[in-house]
Amino acid sequence: MPEQGFAVIRRAIDHLNETGEFASDCFHPEVEWTTRPDGPTHDTFHGVAGLRSGLQTLREAWGSGIRLEIQELIGTPEAFVMVMSARLRGQGSGVELEVEEGWAIRMRDGRIWRAAQYGSKTEALEAAGLSE
């Protein structure tokens, strides 16, 4: 049932927004997070320690001014697409930015196992194998 995956994804985003940290229990120990291929730094982070490292990289650019809002969740029991907006505020400049992204997410053992950011819902749907 995709509802279980939706709940894990929502809990992960809510926890990040509330605490500024990843909810380790939402992520598989072998998690892999890949940033946008069209972004300033395209990278892949491995494991929960990798997630923390990636988050630290984001904080260096955006400080604590990161807020994510889920716009839409689409999925099957293992493959999901999250369409979200990210509100960011530059660490030094104070410049504010809002970006809409699509994320392709795969679950394993009831936790997020693979997450890849894309610049659009269409790209994320294709990557997750959910395009029409």
Side-chain angles (χ1 to χ4, degrees):
M1 304 256 298
E3 289 78 18
Q4 291 173 328
F6 294 158
V8 171
I9 294 166
R10 282 189 186 100
R11 190 169 73 242
I13 296 300
D14 289 346
H15 185 83
L16 182 63
N17 283 333
E18 291 169 12
T19 68
E21 299 294 332
F22 283 109
S24 297
D25 64 319
C26 291
F27 296 92
H28 191 278
E30 297 172 6
V31 65
E32 185 176 280
W33 169 36
T34 303
T35 61
R36 284 175 64 154
D38 62 344
T41 57
H42 178 58
D43 207 347
T44 299
F45 300 93
H46 302 275
V48 175
L51 290 179
R52 289 188 183 110
S53 173
L55 183 58
Q56 182 58 37
T57 299
L58 285 174
R59 280 193 190 129
E60 288 169 7
W62 301 107
S64 60
I66 301 170
R67 178 103 182 131
L68 308 178
E69 184 179 326
I70 297 172
Q71 304 295 324
E72 184 179 7
L73 284 172
I74 303 159
T76 67
E78 283 113 24
F80 299 85
V81 167
M82 173 179 66
V83 179
M84 57 148 244
S85 63
R87 291 182 182 90
L88 310 163
R89 186 175 51 254
Q91 174 73 355
S93 67
V95 170
E96 293 187 13
L97 177 67
E98 185 168 341
V99 178
E100 188 169 295
E101 296 184 328
W103 288 40
I105 299 171
R106 296 259 179 207
M107 304 294 275
R108 180 182 277 176
D109 301 327
R111 296 189 278 174
I112 298 168
W113 174 54
R114 298 284 184 261
Q117 294 174 258
Y118 293 92
S120 71
K121 175 182 176 178
T122 302
E123 291 173 296
L125 285 167
E126 288 175 15
L130 298 175
S131 60
E132 299 158 341

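Position 1 is the first residue of the sequence; numbering continues from there.
Looking at F45 and T35, their side chains come closer than 4.5 Å, going by heavy atoms from C-beta outward. H28 places a side-chain heavy atom less than 4.5 Å from the side chain of D109. Side-chain contact between D43 and T34 is absent, with no heavy-atom pair separated by less than 4.5 Å. Contact annotation: the side chain of L16 never approaches that of T19 to less than 4.5 Å [non-hydrogen atoms, C-beta and beyond]. Taking the side chain as every heavy atom from C-beta outward, R114 and I105 never approach each other to under 4.5 Å. Looking at heavy atoms from C-beta onward, Y118 lies out of side-chain contact with R36 at the 4.5 angstrom threshold. Looking at W33 and Q117, their side chains come closer than 4.5 Å, going by heavy atoms from C-beta outward.
The nearest pair of heavy atoms linking A104 to A124 is CB-O, 3.7 Å. Contact between G110 and V8 at its shortest, heavy atoms only, is O-CG2, 3.4 Å.
Between R87 and E69 there is a salt bridge, with a side-chain nitrogen of the basic residue lying less than 4.0 Å from a carboxylate oxygen of the acidic one. Residues E78 and R106 are not paired through a salt bridge, judged by the lack of any N-O separation under 4.0 Å between the basic side chain and the carboxylate. Between K121 and E100, no side-chain nitrogen of the basic residue sits less than 4.0 Å from a carboxylate oxygen of the acidic one, so the salt-bridge criterion is not met. Looking at R11 and D25, a side-chain N of the basic residue comes within less than 4.0 Å of a carboxylate O on the acidic one, giving a salt bridge.
Taking CG from L51 and CD1 from I112, the interatomic distance works out to 9.0 Å, rounded to the nearest 0.5 Å. Of the inter-residue distances, the one linking E123 atom CD with D38 atom CG reads 6.5 Å to the nearest 0.5 angstrom. Going from atom CZ of R111 over to atom CZ of F27 covers 10.5 Å, rounded to the nearest 0.5 Å.
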Test side chain to side chain contact (heavy atoms under 4.5 Å, CB included) applied to L73 and V81, step by step: CA-CA 6 Å; L73 284 172; V81 167; over 6 Å; no
Side chain to side chain contact (heavy atoms under 4.5 Å, CB included) assessment of W113 paired with M107: CA-CA 5 Å; W113 174 54; M107 304 294 275; 5.9 Å; no
Intermediate values then yes/no, side chain to side chain contact (heavy atoms under 4.5 Å, CB included), C26 and H15: CA-CA 10 Å; C26 291; H15 185 83; over 6 Å; no
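With hydrophobic clusters built from ILVMFWY side chains whose heavy atoms lie under 4.5 angstrom apart, V99 shares a cluster with I70.
Note: F80 and F6 have perpendicular aromatic rings, judged against thresholds of 30 and 60 degrees for the angle between ring planes.
No donor-acceptor contact under 3.5 angstrom links the side chains of E32 and T44, judged on distance only. With 3.5 Å as the limit, one finds a donor-acceptor pair spanning the side chains of R52 and S24. Between S53 and Q56, the side chains place no donor N or O within less than 3.5 Å of an acceptor N or O (distance only, hydrogens not considered).
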